[in-house]
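Data block below; observations after.
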Amino acid sequence: MAKAFFRAALKALAPALLALFACGAARSQESLKAAVGQKLRDLSVLERPGQKSVTFYGQNCYQSVWLGEKARGLLSEAAQKYLEQFEKKRLQKPKNGAGERFYSGAEALLEWGPRKDSMERSATAKIRFGYAIYGKNAFFLIKVPSQKSQAPAQSPAFESSEPASLLFTRAQLKSLLAALR
């Protein structure tokens, strides 16, 4: 019954999502199933000199992952590997049917706060690029860890960023790569 619900939820939501957001480490179908209903809100790509960011609204706050030129290059390489392996049906499936595999990682600046125009907290973190397989579904994955702010927080609610697993279908990934160029 759980598998049927999971499949139905994914089929219903996947086409409508710009990206699928799973908070924390969704390592099993049960934890992913709990997060499937959480759509990314306000997913956008922002730009400032030398950097671009993937900005999204998580469970409690807005979060930006700022990628420099090197990080965007590593993301692009990982995405190309994923797309090639997907086309050739060479993605390694875990034995239990759900899991994550990573190609590379990069340093990124995380910023977060209660509003898109008020992201006052920041920290540097190593984000990872790879893919996640849940049942028969494969997604490109950008894994963002939780980090404590480098500056003292005014409010304990925003002392640390939220961990996030950003999951993209192939079409969504191609759109993301085009936006990050």
Side-chain angles (χ1 to χ4, degrees), residues 10 13-28 31-32 34-48 50-87 91-92 94 98-113 116 119 121-134 137-147 160-181:
L10 271 180
L13 291 175
L17 297 178
L18 179 55
L20 186 65
F21 176 69
C23 218
R27 297 200 186 281
S28 68
S31 60
L32 179 67
V36 161
Q38 298 176 18
K39 290 184 186 180
L40 273 179
R41 296 189 307 199
D42 297 333
L43 180 76
S44 58
V45 174
L46 303 178
E47 187 171 359
R48 61 185 179 200
Q51 295 183 322
K52 292 190 178 184
S53 79
V54 177
T55 300
F56 58 92
Y57 187 83
Q59 284 187 324
N60 300 312
C61 66
Y62 280 93
Q63 200 163 320
S64 283
V65 180
W66 287 97
L67 304 169
E69 190 174 323
K70 182 179 177 183
R72 289 194 314 270
L74 291 169
L75 170 63
S76 181
E77 287 175 20
Q80 294 307 321
K81 286 179 188 175
Y82 166 76
L83 292 169
E84 287 172 17
Q85 288 182 339
F86 189 95
E87 291 298 323
L91 295 175
Q92 296 178 2
E100 303 168 346
R101 300 214 186 257
F102 297 97
Y103 296 113
S104 63
E107 289 290 319
L109 174 66
L110 305 180
E111 292 182 342
W112 64 94
K116 198 181 254 187
M119 289 190 261
R121 304 285 119 223
S122 66
T124 303
K126 180 159 179 138
I127 59 172
R128 297 185 295 165
F129 311 118
Y131 62 90
I133 296 179
Y134 298 101
N137 301 299
F139 302 94
F140 184 77
L141 170 67
I142 300 176
K143 187 82 167 189
V144 182
S146 175
Q147 289 293 112
S160 296
S161 66
E162 296 176 348
S165 295
L166 302 173
L167 302 170
F168 298 87
T169 65
R170 288 179 300 154
Q172 293 164 348
L173 177 59
K174 289 174 184 175
S175 296
L176 176 68
L177 292 174
L180 288 174
R181 285 192 186 127

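Numbering of residues begins at 1 and proceeds along the displayed sequence.
- Atoms CG and CG, on Leu166 and Leu176 in that order, are 9.0 Å from each other to the nearest 0.5 Å.
- Residues Leu141 and Ser165 approach most closely at CD1-CB, 3.7 Å, considering heavy atoms.
- Put simply, the residue from Gln85, Gln80, Lys81 that forms a side chain to side chain donor-acceptor pair (under 3.5 Å) with Tyr103 is Gln85.
- Contacts classified as salt bridge (Lys or Arg N to Asp or Glu O under 4.0 Å) and involving residues 165-181 (residues at least two apart or in different chains) are given here: Glu87-Arg170.
- When all heavy atoms of Tyr82 and Ala138 are compared, the closest pair comes out as OH-O, 3.3 Å.
- Listed here is the closest heavy atom pair of Ala79 and Leu173: CB-CD2, 3.8 Å.
- The pair Lys143-Glu100 meets the salt-bridge criterion, with a side-chain N (NZ, NE, NH1 or NH2) lying under 4.0 Å from an Asp/Glu carboxylate O.
- Thr169 and Gln172 are linked by a side-chain donor-acceptor pair at a separation below 3.5 angstrom, with hydrogens and angles left out of the test.
- Here the CG atom belonging to Leu167 is positioned 9.5 Å from the CD1 atom belonging to Ile142, to the nearest 0.5 angstrom.
- Not less than 6.0 angstrom separates the ring centroid of Phe139 from the ring centroid of Phe168.
- When all heavy atoms of Arg72 and Lys52 are compared, the closest pair comes out as NH1-N, 3.5 Å.
- Under the rule for a side-chain hydrogen bond (donor to acceptor under 3.5 Å, both in side chains), Ser161 has no partner lying at least two apart in sequence or in another chain.
- Residues satisfying the side-chain hydrogen bond (donor to acceptor under 3.5 Å, both in side chains) test with Glu107, not counting sequence neighbours, are none.
- One distance of note links CZ of Arg121 with CH2 of Trp112; it measures 8.0 Å at 0.5 Å rounding.
- For the atom pair CG of Leu109 and CD of Gln147, the computed distance is 10.5 Å after rounding to the nearest 0.5 Å.
- Between Pro163 and Val144, every side-chain heavy-atom pair lies at or beyond the 4.5 Å cut-off.
- Here the straight-line distance linking atom CG of Leu180 with atom CD of Gln51 works out to 12.0 Å at 0.5 Å rounding.
- Under the ring pair (Phe, Tyr, Trp, His ring centres under 6.0 Å) criterion, Phe129 pairs with no residue, sequence neighbours left out.
- Atoms CG and OG1, from Leu46 and Thr55 in turn, are 3.5 Å apart once rounded to the nearest 0.5 Å.
- Remark: Arg101 fails to qualify as a cation-pi partner of Tyr131 under the 6.0 Å distance and 45° angle criteria applied to the six-membered ring.
- Every residue two or more places apart in sequence or in another chain that forms a side-chain contact (heavy atoms from CB on, under 4.5 Å) with Ala108 is listed here: Val65, Leu67, Ile127.
- With hydrogens and angles left out, the side-chain atoms of Trp66 and Glu111 include a donor and acceptor closer than 3.5 Å.
- The salt bridge (charged side-chain N to carboxylate O under 4.0 Å, His left out) check on Glu69 picks up nothing, with sequence neighbours excluded.
- Shortest non-hydrogen contact noted between Ile133 and Gln92 is CD1-O, 3.5 Å.
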